[in-house]
Amino acid sequence: MQKKNSYLESVLDLNASNIWGMEAQELLELWQKDIKEEDFSSSEEKVLNVIRLAFDVYHFDPKDDREVVRYGNGDYVILSGVDKRKGAVAIRKKVIRRITDLSYENIKHISAADLLRLIDGNFGGGWDSISLTIKDIIESAFDISTTTLPASRIRAKGGTLERKEADGYEVLEIAKGTWVEAIFAKKREPMEKLRFIPESEYDEDGNRRIPEEDIDEDADSDDTDTEGDETFYGSYTPEADIKDDDDELADE
């Protein structure tokens with residue numbers, strides 16, 4: 001299990017996704033700070049339910065010597081309860097022992113080497129023996145690929161196994177008669193979530209921005225300056241003098 005430093009300010013910020021990244025000692029430090037708040041008692045059980053997702057949680061009587069010895073052996077961290085009638089609380093990080101213990105939350109907090117040890121312990125069946133549900137969980141956090149070759153060729157110089165290891169993959173070799181299945185695993189880089197940051201209502205000079213769609217492009221159409229406009233008045237030619245029919249006959 002990979003250890004992470006706490007980035008939470010309160011146990012009230014715990015949820016199904018981040019609880020697996022916490023260690024018992026980090027929870028103790030947050031708990032001791034939050035328990036001093038007057039309204040924490042109403043949130044205590046809710047917080048413990050979240051902690052139970054990744055930790056074994058036991059209530060015990062701190063006045064019972066036998067239970068004190070049981071939970072005070074260093075394997076547990078002791079949280080003092082708000083409700084003294086429920087006694088104290090002992091917590092211990094859950095150990096992912098089987099491949100079926102994997103979930104979308106905890107898969108992000110194990111290494112490639114840890115993952116391959118779990119696969120190796122799955123009755124030695126290889127990648128195809130894993131259920132589609134567990135495969136989906138694994139591939140949400142790891143790049144996985146496999147190859148099956150004769151045992152005499154699996155370690156061939158310049159082969160797939162050598163190239164994958166050079167690319168940072170961990171490898172598990174599972175013997176299948178005279179052949180070997182190689183399972184390659186590499187942690188996926190966490191994808192950064194893109195956030196939409198709306199434009200400020202005001203510009204840097206403190207003036208309110210006017211949305212483009214609110215600008216009336218025809219607002220000043222009545223004041224259009226036609227001077228020099230060759231497409232209209234600028235190209236207008238005064239009519240020639242029109243003579244009456246009688247005037248034309250007189251000229252003849």
Would a single hydrophobic cluster contain both [Y] and [X], if residues Ile, Leu, Val, Met, Phe, Trp and Tyr are joined by side-chain heavy-atom contacts under 4.5 Å?
{"X": "Y76", "Y": "M22", "result": "no"}
{"X": "Y169", "Y": "I138", "result": "no"}
{"X": "L116", "Y": "I99", "result": "yes"}
{"X": "V77", "Y": "Y58", "result": "no"}

Next item on the list: Could you pull out all residues at least two apart from E173 that satisfy salt bridge (charged side-chain N to carboxylate O under 4.0 Å, His left out)?
Entry: R155
Notebook entry, point to check: Sequence neighbours excluded, which residues qualify as salt bridge (charged side-chain N to carboxylate O under 4.0 Å, His left out) partners of K186?
Noted result: none
Item checked: Check against salt bridge (Lys or Arg N to Asp or Glu O under 4.0 Å), R117 and D114 -> CA-CA 5 Å; R117 279 194 291 271; D114 291 333; 2.2 Å; yes
Next item on the list: Verify the ring-centre separation between W31 and F40: is it less than 6.0 angstrom?
Entry: yes
Least distance between heavy atoms, [X] atom then [Y] atom:
{"X": "N18", "Y": "D13", "answer": "ND2-O, 3.1 Å"}
{"X": "I78", "Y": "A90", "answer": "CD1-CB, 3.8 Å"}
{"X": "E23", "Y": "K93", "answer": "OE2-NZ, 3.7 Å"}

Note to self: With a 4.0 Å cut-off on N to O distance, would you call D167 and K164 a salt bridge?
What the structure shows: no
Note to self: Given 3.5 Å as the limit, does a donor-acceptor pair link the side chain of K46 with the main chain of L12, or not?
What the structure shows: no
Notebook entry, point to check: Looking at OH of Y71 and CG of D56, how far apart are the two atoms once the value is rounded to the nearest 0.5 Å?
Noted result: 9.5 Å
Margin query: Pair R52, E45 - check salt bridge (Lys or Arg N to Asp or Glu O under 4.0 Å), show working.
Written below: CA-CA 10 Å; R52 284 186 178 94; E45 194 56 37; 3.3 Å; yes
